[in-house]
K.L.:
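Here's a structure for you.
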Amino acid sequence: SSGETLFYGDGSLEVDALANQTDGQVREAWFDYSEGWFSFRVGRQIVAWGEADGVRITDVLSSRDLHTLYQDDKLAIDALRLTGSWASHSFDFYWIPMFRVARLPGDDNPLAELDAYRILSLLDRQEPERELAHGSYAVRFASRTPMIDYAFYGYWGYNDLPIVDIGKGMAVYERMGMVGFDADMPVGSFVFRMEGAWYPWQALQRKDLGGSERRNQIQALAGMDWMQGGWSLTLQYACDLVLGRTSGLNHERYEHKATISLSRSLCDDLLDLSLEAAAGLNDLDSVWHASMAYDVTDDLAI
């Protein structure tokens, strides 16, 4: 960084000498310039929208990384962001000239065994052509007040997961739009959160895998965070409503689920215990993940 300019880069290089293989990636690499109330950022960047924890409501800008089950779940986008800010308000405009599709589950991810991802791995995937006419656009307005923080979102781009069309032998990435909002309000040691989004004429997968049908879709979430004495608790309820007939779709009219995240810090914050779980309330299925980490030094944890 220097004055009003900042460059940030994050990447990795993996070398397997035994298998004679080399793999590298640039996770983020962007340039940022700010002058008074105005700033812009250009390059590969990760964008997080919304107040949900592990649930995708308005957070549609960065595509999903489903390759490994327990890693960061976002892919950076190549974008130009223009920002204007005044007092406690800010406005962002994003232009994403080249859409980046979601990374599908790898062989060591249990999600790869699901029929939907197994079929996708066998089909040709028709991605949007790399032309300016196929770019994506997004806006965000946010405000912070002593009582409540809130934001409004708009997006016009592509769904990062494709629609399967067995008849054509391919999977197609469809255009989509989104209008949403979020808000959070602290009350003592609690923080109450809410988030909602409307997806106008969203392309939804047909049961017979013969393409899609478009419906209006509404998603919403209510959540609560609590922190006290080394304990941290997050509870969330999320719902998904499709307006119109759903008998031929691979989506129920109303789907909902609940999540919980509980963690505890011990030994002067050197030992962290955590438990995360999610339950689907339509089929009463669930998944959970427990972990323990101990900081041996500032640079070494087990």
Side-chain angles (χ1 to χ4, degrees), residues 1-12 24-52 54-67 71-86 89-104 125-144 149-162 172-182 195 197-200 202-203 219:
S1 63
S2 176
E4 295 80 17
T5 63
L6 171 66
F7 174 79
Y8 177 81
D10 177 14
S12 66
Q25 66 168 330
V26 178
R27 183 164 170 79
E28 286 190 273
W30 46 260
F31 172 81
D32 188 280
Y33 176 81
S34 60
E35 181 65 39
W37 62 273
F38 172 78
S39 67
F40 76 87
R41 177 176 297 178
V42 61
R44 176 159 292 187
Q45 50 196 282
I46 294 177
V47 181
W49 277 4
E51 295 291 337
V55 180
R56 185 177 165 102
I57 304 292
T58 63
D59 194 16
V60 298
L61 212 53
S62 288
S63 298
R64 286 165 281 196
D65 188 351
L66 304 171
H67 189 73
Q71 73 174 23
D72 292 337
D73 61 350
K74 293 182 187 299
L75 295 173
I77 55 173
D78 299 316
L80 168 66
R81 187 192 75 181
L82 305 178
T83 299
S85 57
W86 61 100
H89 312 291
S90 64
F91 179 83
D92 297 319
F93 170 79
Y94 293 86
W95 175 46
I96 306 101
M98 293 179 292
F99 172 71
R100 193 177 187 188
V101 303
R103 190 182 185 194
L104 298 182
R125 293 190 287 276
Q126 182 179 335
E127 299 184 14
E129 296 181 6
R130 294 181 175 272
E131 298 178 357
L132 295 182
H134 296 133
S136 302
Y137 305 89
V139 293
R140 174 182 180 267
F141 173 79
S143 182
R144 295 182 176 275
D149 299 339
Y150 60 90
F152 296 96
Y153 306 92
Y155 174 73
W156 175 248
Y158 289 90
N159 195 330
D160 64 341
L161 289 176
V172 181
Y173 293 88
E174 298 280 3
R175 275 283 190 183
M176 62 167 281
M178 186 277 294
V179 178
F181 78 97
D182 68 52
E195 186 173 348
W198 169 46
Y199 294 83
Q202 176 80 320
Q219 297 183 1

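One is the number of the first residue; the rest follow in order along the sequence. Remember, predicted model here, so these are calculated numbers, not experimental data.
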K.L.:
Say you draw a straight line from CG of D92 to OG of S39; how long is it, rounded to the nearest 0.5 Å?
P.N.:
7.5 Å

K.L.:
Enter the distance from W30:CH2 to Y8:OH here, rounded to the nearest 0.5 Å.
P.N.:
7.5 Å

K.L.:
Any heavy-atom pair between the side chains of H134 and Y158 that's under 4.5 Å?
P.N.:
yes

K.L.:
I need the minimum non-hydrogen distance between S143 and H89, along with the two atoms involved.
P.N.:
OG-ND1, 2.8 Å

K.L.:
Kindly compute the distance separating CZ (R44) from CG (L75), expressed to the nearest 0.5 Å.
P.N.:
8.5 Å

K.L.:
Looking just at side-chain N and O atoms, do T83 and R81 make a donor-acceptor pair shorter than 3.5 Å?
P.N.:
yes

K.L.:
In the structure I gave you, are the side-chain heavy atoms of Y155 and T58 within less than 4.5 Å of one another anywhere?
P.N.:
no

K.L.:
From I77 CD1 over to W95 CH2, what is the distance, rounded to the nearest 0.5 angstrom?
P.N.:
12.5 Å

K.L.:
If I compare all heavy atoms of L132 with all of Y137, which pair ends up nearest, and what's the gap?
P.N.:
O-OH, 4.1 Å

K.L.:
So does R175 have more than 12 non-hydrogen atoms from other groups sitting under 6.0 Å from CZ?
P.N.:
yes

K.L.:
I'd like to check P162 versus E127 (side-chain heavy atoms, cut-off strictly below 4.5 Å). Are they in contact?
P.N.:
no

K.L.:
To check you understand the geometry: which heavy-atom pair defines the closest contact between V60 and I57, and what is its length?
P.N.:
CG1-O, 4.1 Å

K.L.:
Parallel, tilted or perpendicular, judged at 30° and 60°: which one describes the rings of F152 and Y150?
P.N.:
perpendicular

K.L.:
Calculate, to the nearest 0.5 Å, the distance between atoms CD and CZ belonging to E51 and F181 respectively.
P.N.:
11.0 Å

K.L.:
Taking the side chain as every heavy atom from C-beta outward, state whether D78 and R100 have any atom pair closer than 4.5 Å.
P.N.:
no

K.L.:
Check whether any side-chain heavy atom of R27 sits under 4.5 Å from a side-chain heavy atom of I46, and report yes or no.
P.N.:
yes

K.L.:
Check the surroundings of atom CH2 in W37: do more than 12 heavy atoms from other residues, nucleotides or ligands lie under 6.0 Å from it?
P.N.:
no

K.L.:
Report the distance from atom CG of D160 to atom CG of L104, rounding to the nearest 0.5 Å.
P.N.:
9.5 Å

K.L.:
So, for N159 and Y173, which heavy atoms are closest and what is the spacing to 0.1 Å?
P.N.:
O-CD2, 3.3 Å

K.L.:
Could you report the tightest heavy-atom contact between F99 and S63, atom names first, then the distance?
P.N.:
CE1-OG, 4.3 Å

K.L.:
Less than 4.5 Å apart, side chain to side chain, heavy atoms only: is that true for Y153 and L61?
P.N.:
no

K.L.:
Do you know the tightest heavy-atom contact between Q45 and A79?
P.N.:
NE2-O, 3.1 Å

